[in-house]
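Read through the structure below, which is laid out as structure tokens, and then see the notes.
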Amino acid sequence: MSKFYNVCTRKTVIGESGEKNIYHKVGVIKVSKNGGWFLQLYQQPGTDFQIFINQNDELPVIEFEDHDA
């Protein structure tokens with residue numbers, strides 16, 4: 001059975017009650033039962049991106065100060 005993951009953006013807004021994080025769903029990642037990874041972004045309808053493991057170059061480190069996951 002395939003698994004699905006939400007792809008979201010995070011924006012921090014400051015209001016009267018303090019800081020608040022707002023999340024917007026911008027796409028979906030699908031992991032197929034055969035192990036394939038696919039990304040679909042809502043701003044590019046009809047385009048599926050396939051995700052592959054990087055085998056030669058080092059990937060950049062993505063740091064979130066306040067990562068929730």
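Atom OG1 of residue Thr9 and atom NE2 of residue His24 lie 5.5 Å apart, to the nearest 0.5 angstrom. Put simply, CD on Glu19 and OG1 on Thr12 are 6.0 Å apart, with the number rounded to the nearest 0.5 Å. Note: Lys30 NZ to Asp48 CG = 8.5 Å, rounded to the nearest 0.5 Å.
Counting heavy atoms from C-beta outward, Val13 and Ile22 have side chains that approach closer than 4.5 Å. Using a 4.5 Å heavy-atom threshold, the side chains of Thr47 and Gln40 count as separate. Residues Phe38 and Ile29 have side chains not in contact (no heavy-atom distance under 4.5 Å, counting atoms from C-beta outward). Put simply, the side chain of Phe49 reaches to within 4.5 Å of the side chain of Gln44, judged on heavy atoms. The closest side-chain heavy-atom distance from Tyr23 to Asn21 is below 4.5 Å.
No continuous path of ILVMFWY side-chain contacts below 4.5 Å connects Val28 to Trp37, so the two sit in separate hydrophobic clusters. Grouping the Ile, Leu, Val, Met, Phe, Trp and Tyr side chains by contacts below 4.5 angstrom, directly or via other members, places Phe4 with Tyr42.
The shortest non-hydrogen separation linking Lys33 to Met1 is CB-N, 3.8 Å. Counting all heavy atoms, side chain and backbone alike, Ser2 lies closest to Ser32 at OG-CA, 3.7 Å.
Crowding of Gln43 atom CD: a count of heavy atoms from other residues, nucleotides or ligands under 6.0 Å exceeding 12.
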